[in-house]
Number of protein chains: 2
Amino acid sequence: MMGKLREPLLECSLPAALESMGERWSFLILRAAFNGLHHFEEFQSELGIARNILANRLARLTDHGILQREAMPEDRRKIQYSLTEKGAALLPTMIALRQWGERWETCVPAFPILVDARDRRPIGEVAVHAHDGRVLKKTDLIWALPQDIAADPDQMQAAE
Amino acid sequence: MMGKLREPLLECSLPAALESMGERWSFLILRAAFNGLHHFEEFQSELGIARNILANRLARLTDHGILQREAMPEDRRKIQYSLTEKGAALLPTMIALRQWGERWETCVPAFPILVDARDRRPIGEVAVHAHDGRVLKKTDLIWALPQDIAADPDQMQAAE
DNA sequence: GGTTTTAGGTTGCAACTGGAAACTTATAAA
DNA sequence: TTTATAAGTTTCCAGTTGCAACCTAAAACC
């Protein structure tokens, strides 16, 4: 990830991502949503978060299109919060952070264990992969300008 | 990620991970470190962060073993901050969050582009993979108890 | 149809956290 | 010896968070 070229540190998408997810509780609320929680009181009692902060975060996550709120038809007092496509797209980030915490902070395997529903085998470690599937480390990455990027063989074939 | 079984929402490794990385600026400082920044003034001028907060975050990240600090031998005023192995292990999390921001927030491809140093081709999307490499979505995941986990074929072979 | 219950919030207030700018300390350069 | 510089500290103020108590609109009960 070294080299002369460097990422512009403040115009990139990471600050944009942190705009919606960088506040305290946001990740924990998101995880609760991934775990099937849907209602204000569920979040409140499971997480032990203050009600005003929870209300604030749910509104913020909804504003950012990460959660969607919908009044339940059978009891219109009940609001169901559920992940949007955009919210669900945070799955790899969340699992990556969880795996990191497991490996480097708690140092105990999570319990219960997250497995592939199809074959009930544990999921792999989230990693950065090359186009061909090799796992890449920090030192394997560099920044490149569009013209320095190797062409996709499929595209080359199509162009021939 | 549904089913009767659910993750204990407050004893898991995610809160532990957020303990060190959940504060404002932590991720941006980490990213700057990945981009080869090493010194207080570099972080300060690149990120525009308040000096006291920067000092606080650098100390916190150092305490948590994510960065290490070392006075440079040629100029002992200069402190070099660099990523530890533990800090470098946050690479997949950071790339995942960046890719998410790129896809769902800024909606423009990052520039410059992160490529594999070996073949200069863009890196893949960070995703959750099954043991055999299939990409898993939220609905493909379930929580399992140790006894419900399918055995690893390699281990089975070894046991036979 | 009037009272009660409940989900999902607000409000008020104390404690904590974040930021800008000035100040400090140790080291190095002139 | 003075001056400059890296890396913080300190001060002060504004904004955010957390907790408890209160509010409100929609069901549910009678």
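Chain letters run A, B, ... following the sequence lines, proteins first and then strands; every chain starts at 1. Since the structure is predicted, the reported quantities are computational estimates derived from the model, not experimental observations.
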Verify side chain to side chain contact (heavy atoms under 4.5 Å, CB included) between A:L91 and B:L141, making sure each step is shown before the conclusion.
CA-CA 11 Å; A:L91 180 69; B:L141 300 174; 3.9 Å; yes

Audit row: A:D140, B:I123, side chain to side chain contact (heavy atoms under 4.5 Å, CB included) steps and yes/no
CA-CA 10 Å; A:D140 299 325; B:I123 60 171; over 6 Å; no

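- Rounded to a whole Å, the CG atom of A:L54 is 13 Å from the C1' atom of D:dT17.
- No donor-acceptor pair under 3.5 Å is formed between the side chain of A:Q99 and the backbone N or O of B:T93.
- Side-chain atoms of B:T106 do not come within 3.5 Å of backbone N or O of A:S13 as any donor-acceptor pair.
- In this structure, A:W25 places its CH2 atom 12 Å from P of D:dT17, rounding to the nearest Å.
- A:W143 and B:N35 share a side-chain donor-acceptor pair at under 3.5 Å.
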Distances for protein N/O vs nucleotides 9-14 of chain D N/O pairs under 3.5 angstrom?
none

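- A salt bridge links B:R51 to B:E41: one of the charged nitrogens lies within less than 4.0 Å of a carboxylate oxygen.
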Could I get a table of every N or O pair under 3.5 Å where one atom is in the protein and the other is in nucleotides 23-30 of chain D?
| from | atom 1 | to | atom 2 | distance (Å) |
| --- | --- | --- | --- | --- |
| D:dA27 | OP1 | A:R76 | N | 2.6 |

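- Within residues 16-24 of chain A, the residues having any heavy atom under 4.0 Å from DNA chain C are, by residue number, A:R24.
- More than 12 heavy-atom neighbours from other residues, nucleotides or ligands sit within 6.0 angstrom of CZ on B:R134.
- In terms of position along DNA chain D, the nucleotide closest to B:K78 lies nearer the 5' end than the nucleotide closest to the other residue of the pair A:I53 and B:K78.
- Under the side-chain contact (heavy atoms from CB on, under 4.5 Å) criterion, B:A59 pairs with no residue, sequence neighbours left out.
- Close approach of DNA chain C to chain A, defined as any atom under 4.0 Å from a non-hydrogen atom of the protein, starts and stops at C:dT5 to C:dT17.
- Listed by chain and residue number, B:H129 satisfy the ring-ring contact (aromatic ring centres under 6.0 Å, His included) test with A:H129 (two or more places apart in sequence, or in another chain).
- Test A:H39, A:H38, A:R77 against A:M72 for side-chain contact (heavy atoms from CB on, under 4.5 Å) and you get one pass: A:H39.
- No donor-acceptor pair closer than 3.5 Å links the side chain of B:E105 to the backbone N or O of A:L18.
- Remark: the backbone N or O of A:G87 is not paired with any side-chain donor or acceptor of B:W100 at under 3.5 angstrom.
- For B:R69 and D:dA7, the shortest distance from a side-chain N or O to OP1 or OP2 is not below 4.0 Å.
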Under the side chain to side chain contact (heavy atoms under 4.5 Å, CB included) criterion, do B:L30 and B:L83 qualify, and how do the steps go?
CA-CA 8 Å; B:L30 190 81; B:L83 287 165; 3.6 Å; yes

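- Residue-level contact check: A:Y81 touches the backbone only, with heavy atoms under 4.0 Å from sugar-phosphate atoms and none from bases.
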